[in-house]
K.L.:
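Structure incoming, see below.
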Number of protein chains: 2
Amino acid sequence: MGDHRAKEALFDVLVEAARALGNGRRAELVDVLAQGERSVEELAGEIRQSVANTSQHLQRLLRAGVITSRRSGTRIYYSLAGPAVERLWRALRETAEAHAGALGALASSYLGDRASLSTISRDELQGRLKQGDVVVLDVRPRTEYDAAHIPGALSVPVDDLKARLRQIPEGRDIVAYCRGSYCVYADDAVRELSDDGRRAMRLEEGFPEWRAAGLPVESAT
Amino acid sequence: MGDHRAKEALFDVLVEAARALGNGRRAELVDVLAQGERSVEELAGEIRQSVANTSQHLQRLLRAGVITSRRSGTRIYYSLAGPAVERLWRALRETAEAHAGALGALASSYLGDRASLSTISRDELQGRLKQGDVVVLDVRPRTEYDAAHIPGALSVPVDDLKARLRQIPEGRDIVAYCRGSYCVYADDAVRELSDDGRRAMRLEEGFPEWRAAGLPVESAT
DNA sequence: TTCTTATTCAAGTAGGTTCTTGAATAACAC
DNA sequence: GTGTTATTCAAGAACCTACTTGAATAAGAA
C-alpha cells in the first residue's frame with residue numbers, strides 16, 4: 001500500500017509510447033509506416049532528414065515498442081508493431097482536431113483550399129464500388145500500393161499522373177485516395193484531374209483507415 | 001508542392017497532445033481527471049507533487065488542449081477536454097500493454113498478485129445487474145462517486161471499507177470497481193472483503209470505460 | 001482596508017532531446 | 001581477402017524539461 005515509487009515507475013512506462021510519438025519527425029515516420037514496411041533510407045527521404053538522424057528516431061520508436069524491424073540482406077525494414085499503434089496515432093490526430101487551436105491555420109497552410117475539393121466517405125465509396133460506376137485511383141507511391149490497396153484500385157502515383165492522364169478509363173467519376181487526412185497526394189490528384197475536365201473527388205480518409213474498418217484489401221501477388 | 005516547412009509545422013502541432021501525455025505525472029493527472037473535475041490542490045495530493053509543480057503540469061496539458069479549466073471562487077477546477085482525450089489515454093495504455101516488455105514486471109510490482117483475484121467483465125456485470133443478484137461497490141473517493149457512478153452502486157471509499165464492512169448487504173456477491181485497470185482501490189477492496197469471508201470480485205475495467213461504452217450512469221443530485 | 005487561501009509566475013539547476021559530423025559494423029559481391 | 005552499401009554508434013552544441021524555492025496575483029472573508 002502507498003508505494004508511490006512503484007506507481008510512478010508504472011506510469012512512466014505507460015507513457016513511453018507517447019514520448020516516442022511526441023516528435024513531429026517520428027510522427028511522420030509512423031504515418032508512412034502505417035502504409036507498410038520501409039527501409040531506413042526510404043524513410044529518411046520521406047521525412048527529409050539525414051539517414052543517421054532517421055536511424056536514431058527509429059531506434060527510439062523501436063525501444064518504445066511502437067515499431068518492429070527485420071533484416072533482409074544489407075537492408076533493415078521497419079514496420080508498425082500492431083493495430084494498437086494505429087489506434088494511438090488516430091486518437092492523437094483526433095485529439096489535435098478537437099482542440100483545433102493552432103491546427104486550423106497550419107493545416108490550411110499545408111493542405112491549401114481543401115474545402116473546395118469534393119470528397120466521398122468510406123460508406124459512399126463502398127456503395128459506388130458495388131454499382132461499379134466509379135474508377136478508384138491509389139495515388140501513393142507504388143511500393144505502398146503493392147503492400148496493400150483497395151480492391152480494384154489502379155496504381156497511379158501522383159508524380160506519374162500528368163503523364164498517364166489518357167490511360168484513365170473515361171465515362172466514370174474518379175475517386176483518389178492516399179495515406180490519410182494529412183496527406184496531400186489525393187488533393188493534388190483531384191486538382192489535376194479536375195483541371196483536365198474529369199469529375200474527381202477525394203476519399204475523406206486514407207488507406208489505413210479503410211483497412212482498420214475491416215474492409216477488404218488486395219495485395220500485389 | 002514540396003513545402004516541407006509547412007508539413008513539419010503541421011506534424012509538430014499534431015503531436016502536441018502526445019508530448020503533453022508523455023510524462024508519468026501528467027498521465028496520472030489525466031487518469032484522475034477521467035473520473036471528473038478536480039482542483040489543483042486535490043490533484044497535487046493525488047500525484048504526490050508540490051502544488052507549484054502540479055500547476056505547471058496542468059498549464060502544459062491546458063496549452064495542448066488536453067484539459068479545460070473553470071474558476072469557482074478562489075479555486076480553479078480542471079477537467080478533460082473531451083472524449084477524444086479519453087480515447088487517446090486508452091490507446092496509449094493499450095499500446096503499452098501490447099508491447100508488454102518492461103510493463104509486466106512493473107505492473108506486478110505495483111498491482112501485486114492481481115491474478116489471484118476473481119474478476120467480472122462489463123457484459124457479465126450488466127447481466128447480473130438485471131437479475132439483481134449482486135451488490136456493486138464504488139470504492140473511489142466520494143467526490144468521484146458524486147460526479148458519476150454506475151447506477152445502484154454504493155459509495156464505499158476503500159479507506160472506509162474496514163469500518164463499514166457490516167453495512168454491506170449480505171447474501172449477494174459483491175463487485176467492486178474503481179478508476180481503471182491501473183488503479184488498486186478495487187483490488188484492495190476485494191482482498192479485504194474476501195478476508196472477511198465474502199464472495200467479492202473486481203470489475204475488469206474502471207468507471208471511465210463503463211461510461212465510454214455508452215452504459216447508463218448516475219450522479220449525486 | 002487587511003488577512004487568508006488557492007493558484008500562478010519567475011529564476012535556477014540537473015538532466016534529457018534533437019540534430020550534426022565522422023567513424024564503426026554488418027552483410028553481401030567480387 | 002577487398003570493396004561497396006546500408007545502417008548504427010559516439011561525441012558534441014543548442015535547446016527543452018522537470019522539479020525546487022520564494023515571490024506575486026486574485027478572489028473572498030473579516
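In this text the structure is predicted, and so the values were computed from the model without any measurement. Side-chain atoms are counted along with the backbone in the values below, which use heavy atoms only and exclude waters and symmetry mates.
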K.L.:
May I ask you to check whether B:Thr119 and B:Arg202 show a side-chain donor-acceptor distance below 3.5 Å?
P.N.:
no
K.L.:
Whether B:His57 contacts D:dT17 is assessed here as follows: a side-chain N or O lying under 4.0 Å from the phosphate OP1 or OP2. Is that the case?
P.N.:
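No.
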K.L.:
Just how far, in rounded Å, is C1' of D:dA18 from CG of B:Leu21?
P.N.:
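After rounding, the reported distance stands at 16 Å.
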K.L.:
For B:Asn53 and C:dG12, give me the distance from atom CG to atom C1', rounded to whole Å.
P.N.:
14 Å
K.L.:
Encode nucleotides 6-14 of chain D as B, S and - characters from 5' to 3', where the letter depends on protein heavy atoms closer than 4.0 Å: B to the base, S only to sugar-phosphate, - to neither.
P.N.:
SSBBB----
K.L.:
Using a cut-off of less than 4.0 Å, is there contact between a side-chain N or O of A:Asn23 and OP1 or OP2 of C:dT17?
P.N.:
no
K.L.:
Show me the side-chain donor-acceptor pairs of residues 77-85 of chain A shorter than 3.5 Å, one per line, residues at least two apart or across chains.
P.N.:
none

K.L.:
Output yes when at least one side-chain N/O atom of A:Arg19 is less than 4.0 Å from OP1 or OP2 of C:dG16, else no.
P.N.:
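Checking C:dG16 against A:Arg19, no side-chain N or O comes under 4.0 Å of OP1 or OP2.
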K.L.:
Distance check needed: D:dC19 P versus B:Ile47 CD1, whole Å only.
P.N.:
8 Å
K.L.:
Whole Å only: how far is the CZ atom of B:Arg60 from the C1' atom of D:dC19?
P.N.:
14 Å
K.L.:
Just how far, in rounded Å, is C1' of C:dT18 from CZ of B:Phe11?
P.N.:
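So the two atoms are 18 Å apart, to the nearest Å.
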K.L.:
Can you tell me if B:Asp113 and B:Ser116 form a side-chain donor-acceptor pair at under 3.5 Å?
P.N.:
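Yes, because at least one side-chain N or O of B:Asp113 sits under 3.5 Å from a partner of the opposite role on B:Ser116.
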K.L.:
Distance to the ring centre below 6.0 angstrom and angle to the axis at most 45 degrees; does that hold for A:Arg93 and A:Trp89?
P.N.:
yes
K.L.:
Using heavy atoms to find the nearest nucleotide of DNA chain C for A:Ser72 and A:Gln49 separately, return the residue whose nucleotide is more 5′.
P.N.:
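Nearer the 5' end of the strand: A:Gln49.
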K.L.:
Under the criterion side chain to side chain contact (heavy atoms under 4.5 Å, CB included), which of A:Leu203, A:Ile150, A:Ile168 is the partner of A:Leu137?
P.N.:
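Among A:Leu203, A:Ile150, A:Ile168, the one meeting side chain to side chain contact (heavy atoms under 4.5 Å, CB included) with A:Leu137 is A:Ile168.
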K.L.:
Give a yes/no answer on whether the side chain of B:Arg25 brings an N or O atom under 4.0 Å of OP1 or OP2 in D:dT17.
P.N.:
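False: B:Arg25 side-chain N/O out of range (4.0 Å or more) of D:dT17 OP1/OP2.
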K.L.:
Which of parallel (below 30°), tilted (30 to 60°) and perpendicular (above 60°) describes A:Tyr182 and B:Phe11?
P.N.:
perpendicular
